[in-house]
Every structure is written in structure tokens, then in C-alpha cells.
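Report on the structure given below.
Letters A, B, ... mirror the listed sequences (proteins, then strands); counts begin at 1.
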Amino acid sequence: MMTFTLWDILRNLLLAARWTVVLSLVSFIGGGLLGMALLYLRIGKARAGRMFVLGYVELFQGTPLLMQLFLAFFGLGLFGIDVPAWLAAGLALILWTAAFLVEIWRGCVESVARGQWEASASLGMGYVQQMRYVILPQAVRVAVPPTVGFSVQVVKGTALTSIIGFVELSKAGTVVTNATFEPFTVYGLVALIYFALCWPLSKSSQILERKLNVAHRNH
Amino acid sequence: MSLIAITEVKKRFGDVEVLKGINLDVERGEVVAIIGKSGSGKSTLLRCVNGLEMIDDGSIMVAGAQLINDDLHLKALRLKVGMIFQQFNLFPHLSAGRNVMLSQMVVKKTPAGEAEAMARRMLERVGLGHKFDAYPDQLSGGQQQRVAIARALSMQPMALLCDEITSALDPELVNEVLAVVKELAADGMTLMMVTHEMRFAREVCDRVVFMHQGRVHEIGPPEEVFGNPRTPELRQFLGAQLVV
Ligand SMILES: Nc1ncnc2c1ncn2[C@@H]1O[C@H](COP(=O)(O)OP(=O)(O)OP(=O)(O)O)[C@@H](O)[C@H]1O
Ligand SMILES: [Mg+2]
């Protein structure tokens with residue numbers, strides 16, 4: 001029987017962790033862009049747009065991410081569309097991330113005091129100008145800590161994609177365990193790697209939040 | 001013709017009629033104080049004149065610009081009449097100077113250099129020329145309110161609406177703001193101001209409007225309104241105020 005050194009195990013896990021990082025980045029950036037587009041509709045004047053985003057958010061926040069992954073992977077297959085695991089994983093995570101980010105950001109926009117809208121309106125600014133020069137610059141500052149904080153959820157969310165066969169850190173953990181029969185060591189390392197990815201994110205979210213609160217000097 | 005013409009204005013919030021047919025004409029250069037109990041509709045009236053609230057009936061005209069609920073008409077109206085708020089409402093992410101420059105640049109498309117020169121002049125006018133680069137949270141309430149006045153003035157409005165602009169200030173800061181308003185009045189600016197500063201209203205205003213339950217209950221020069229109130233409601237209101 002082959003023996004595996006700790007380094008063998010760690011090396012394989014780290015190689016797979018690259019895909020966790022890539023998937024996280026793709027999901028977060030893609031979800032962020034989609035989230036911005038949705039935010040535009042969500043706080044816009046058109047009722048239809050607002051209702052659409054409302055439904056979208058309910059749908060994706062109200063169902064488990066796992067089901068969304070299954071539907072993206074198997075559901076599209078029913079229509080004869082052959083979806084590779086990486087595509088289903090990326091797609092589902094982007095849609096899921098956007099649903100949460102748009103709500104976080106909407107809260108930030110609404111947290112800007114009503115007086116800011118009134119003052120800018122009384123100076124003759126139109127809706128788009130108010131948004132661009134007065135409301136969004138303030139909302140963005142409020143949005144940074146919770147957005148960075150949410151990125152932790154995205155990283156952890158990628159673990160679920162192992163179930164549809166995407167080989168990232170968790171899936172690699174299972175594969176390596178099957179080869180080495182050392183589940184405790186392997187999953188211990190997997191957990192450590194996740195922690196190493198997530199901890200800096202949640203820590204910086206906390207620091208950012210404290211900074212913005214203490215200074216509360218928006219410049 | 002009057003600069004501000006308010007005719008038979010009615011405004012309701014849900015089932016409550018807050019303005020029940022207001023008629024009020026303000027002449028160019030006139031300073032009008034609006035007094036009255038809490039809830040009598042003073043703020044609502046001012047907000048209608050600036051188009052922050054829409055009216056249900058009647059009409060409001062400011063120098064030929066009519067209150068109509070579409071972006072173009074609202075913008076035209078707001079270019080004629082500026083507003084100062086109780087809570088200052090400075091943009092916290094911009095310096096005092098930038099606060100004064102912003103609307104000139106985005107609404108009037110004034111080039112940055114010109115907007116800055118105007119901002120410096122206006123800040124100078126309210127005694128804050130040296131605070132151009134200060135951010136709102138580095139200024140006292142009185143200073144913030146004066147920046148707000150400079151910001152409104154930079155749009156060169158024909159009239160200013162002031163809604164209890166000293167009510168959020170510590171007592172020792174009230175006078176610096178009132179002094180600025182007094183100067184504006186002396187320079188011929190048309191002002192409509194809701195105020196609880198009875199002494200100031202008496203000294204500076206040409207006319208005083210007493211609002212009661214959504215109506216203009218009494219109106220006249222300050223000597224008459226304060227010295228010889230005709231209705232029991234006004235007498236009661238004045239009696240409840242501090243020494244006039
Ligand atoms: N947006 C709103 N929705 C519903 N009711 C409102 C709204 N704004 C004002 N009101 C009501 O209209 C009435 C008049 O309010 P307004 O603010 O004009 O009074 P005011 O004379 O300015 O009082 P104060 O001296 O307290 O500022 C009040 O009864 C108030 O509750
Ligand atoms: Mg009021």
C-alpha cells in the first residue's frame with residue numbers, strides 16, 4: 001500500500017484550493033456586477049423593475065443554495081443542455097451572491113438620510129444626479145464592511161459545489177481521504193485552509209466597520 | 001406681480017387636510033415670517049413652495065415658474081427658490097467648498113473654476129471664507145447652517161425658504177445664523193421663514209403670517225400681529241411664547 005506524507009496531502013489540497021479561490025472570485029465579482037444592475041432596478045422608479053428584483057431576491061434567498069446548484073446542474077440537463085460542473089457552479093453562485101448583495105446595498109442606499117435627498121432636490125438636482133453625486137458616495141462607504149463580510153459566505157458557499165462534482169477544496173478533501181484513509185488529518189487541513197481564506201476577510205470587515213464608525217468622517 | 005404667488009393651496013396627507021386653502025403673495029425683497037403652533041402646516045407650506053411636496057389643489061408660482069409635478073418644471077421652480085433646512089443637510093462626504101460648488105456644477109454646468117470662485121465668495125459672505133476645505137463634521141452647527149445658506153445662495157435664487165433654521169442649534173450659535181439672515185434681508189433677498197424667534201421676526205420681517213389649523217389665520221406687519229392680535233387663537237399662541 002502506498003503511503004502519503006503530510007506534504008503530499010497538503011500539496012493536493014492547496015492545488016484544489018486554487019479552484020476555491022477562482023470560483024469565489026468569479027462568484028463575487030460576477031455577483032457584484034449583477035447585483036449592481038439589480039440594485040439599479042430595485043431603487044429605480046419603474047415599478048416593474050422593483051417587483052422583478054423583489055421576486056428574484058425572494059427566490060434566491062428563500063431556497064437553499066444546494067437546490068440552486070442542483071437545478072443549475074441537473075435542471076438544464078433536462079433541456080438537453082449539457083452543463084459542465086464548473087459552469088453550473090459559477091452560474092448558481094453568481095445568481096445567489098447577487099441576490100444577497102443587492103439587498104445589502106439597498107439597505108445602505110436607504111440608510112442615507114432623507115434630508116440628503118431633500119437638500120439635493122431643493123438645489124435643482126435630478127434623480128440621477130442625486131444618486132451619482134450625493135447618495136451613492138455615502139452609501140458606498142456604508143456598504144464596504146458588510147460587502148467584505150459577505151464575501152466570507154461566498155467562499156464557504158463554494159464548498160457546496162463539490163456535491164455536483166466540481167473539484168475544489170472540499171471535493172479534493174474527499175478524494176484525498178479516499179486515497180489516504182486519514183479523514184481527520186485531511187479534513188483538519190481543509191478546515192485550516194478555509195480558515196486561512198476566510199479569516200482575513202472577516203477580520204478586515206470588522207476593522208473597516210470600526211474605522212468607519214469611529215472616524216465617521218466620510219473622507 | 002408678486003414674486004411668490006400662493007393661491008388657494010390645499011394639501012392633504014391621506015385623510016388629513018393639512019393646508020386648507022392658503023392664499024399668500026410675497027413681493028420681491030419682502031421678508032415674511034410664518035409662525036404658528038406645531039402641526040399648523042408651516043413646514044408643509046414651505047415644502048410645497050419648493051416642490052418637495054405636491055399640492056392637491058390651487059397653484060403656486062415663483063417668478064413665472066409654476067409648481068407642476070414633472071422634472072423640468074420642478075427644476076425650473078427650484079432654480080428660482082432655494083431652501084434651508086432645520087438639520088442643515090450638508091453633504092457629509094464633501095468639504096464646505098465642495099458642498100457649495102456641487103450643484104452649480106451639476107445643475108447649471110458651471111465650469112469648476114467659476115463654481116469655486118462663487119463658492120469662495122458665498123462662504124466669505126456668510127463669514128466662513130477660511131473654512132473652504134473643512135468637512136461638515138469639523139464645523140459647529142452654526143457654521144454648518146451658514147455653509148448651507150452659502151450653498152443655497154450659490155445657485156442665485158430669487159427667494160429663500162427657511163424652515164426653523166436655528167431650532168437645531170445651541171442657543172449661543174443662534175445669533176451668528178440670524179445675523180447672516182438679517183444681512184440677506186438687508187441686501188434685498190426675498191425670504192419666507194418659519195421661525196420661533198419672535199424677537200427676530202419682529203425686528204427683521206416686513207410681514208408676519210400666523211398659521212392655524214392649515215389656514216392663514218392672521219397676517220400683517222409685525223407691529224400689528226404682535227402688538228395688536230385680533231383673534232383669540234393668536235393671542236393664546238403669543239401668550240404661550242417667551243417674552244416677545
Ligand atoms: N409626510 C407626511 N405624511 C403624513 N402627515 C404629515 C406629513 N408631513 C406632515 N404631516 C402632518 O401634517 C401636519 C402639518 O405638519 P407640518 O410639519 O407642516 O407642521 P408645522 O407647522 O411645521 O409644525 P412644527 O412647528 O412642529 O414644525 C401635521 O399634523 C403632520 O403630522
Ligand atoms: Mg415644521
Side-chain angles (χ1 to χ4, degrees), chain A residues 36 39-41 43-50 104-148 207-219, chain B residues 43 46-47 49-53 65 70-96 98-109 133-139 144 147-148 151-157 160-163 168:
Chain A
M36 277 182 219
L39 180 69
Y40 179 79
L41 292 177
I43 58 183
K45 284 182 172 173
R47 200 183 128 78
R50 291 201 305 271
I104 292 174
W105 292 344
R106 180 188 57 86
C108 295
V109 169
E110 284 174 2
S111 75
V112 176
R114 202 167 70 118
Q116 295 291 307
W117 285 100
E118 298 191 338
S120 48
S122 79
L123 289 162
M125 290 186 213
Y127 179 77
V128 175
Q129 294 171 334
Q130 290 177 293
M131 269 294 170
R132 164 140 182 234
Y133 297 104
V134 178
I135 306 301
L136 287 183
Q138 296 180 56
V140 164
R141 289 181 167 87
V142 187
V144 169
T147 303
V148 174
I207 292 172
L208 283 167
E209 181 161 1
R210 203 166 329 126
K211 256 193 179 153
L212 289 167
N213 270 342
V214 171
H216 199 252
R217 174 163 297 173
N218 302 309
H219 41 87
Chain B
S43 298
L46 279 201
R47 293 164 58 80
V49 175
N50 193 247
L52 289 176
E53 304 283 357
D70 69 61
D71 290 355
L72 245 103
H73 284 93
L74 282 178
K75 183 175 164 189
L77 177 73
R78 288 165 177 163
L79 285 175
K80 308 265 181 179
V81 55
M83 182 144 183
I84 322 281
F85 302 85
Q86 186 174 342
Q87 299 299 340
F88 330 134
N89 295 343
L90 290 185
F91 307 134
H93 58 299
L94 299 176
S95 66
R98 286 270 154 192
N99 260 275
V100 184
M101 288 166 69
L102 180 66
S103 55
Q104 299 180 64
M105 289 166 64
V106 306
V107 179
K108 289 187 164 176
K109 315 285 181 219
D133 291 314
Y135 281 83
D137 63 357
Q138 299 168 322
L139 299 173
Q144 289 187 54
V147 173
R151 182 174 69 176
L153 288 176
S154 75
M155 297 299 281
Q156 300 178 290
L160 275 187
L161 311 170
C162 307
D163 191 359

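Judged by distance alone, with hydrogens and angles left aside, the side-chain atoms of A:Arg50 form a donor-acceptor pair with the main-chain N or O of A:Lys45 at under 3.5 Å. Between the B:Asn99 side chain and the B:Leu94 main chain, a donor and an acceptor come within less than 3.5 Å of each other.
Within a 6.0 Å sphere centred on CZ of B:Arg98, heavy atoms belonging to other residues, nucleotides or ligands number 12 at most.
Neither the backbone nor the side chain of B:Leu74 comes within contact range of chain A, judged by heavy atoms closer than 4.5 Å. Using a 4.5 Å cut-off between heavy atoms, B:Phe91 touches chain A through backbone and side chain atoms alike. Looking at B:Met83, the atoms closer than 4.5 Å to chain A (heavy atoms on both sides) sit in the backbone and in the side chain alike.
Applying the side chain to side chain donor-acceptor pair (under 3.5 Å) test to residues at least two apart or on different chains, the pairs with a partner in residues 114-127 of chain A are A:Gln116-A:Gln138, A:Glu118-B:Arg47, A:Ser120-A:Gln130.
Of all the listed residues (B:Arg151, B:Lys108, B:Gln87), the one sharing the greatest number of non-hydrogen pairs under 4.5 Å with chain A is B:Arg151.
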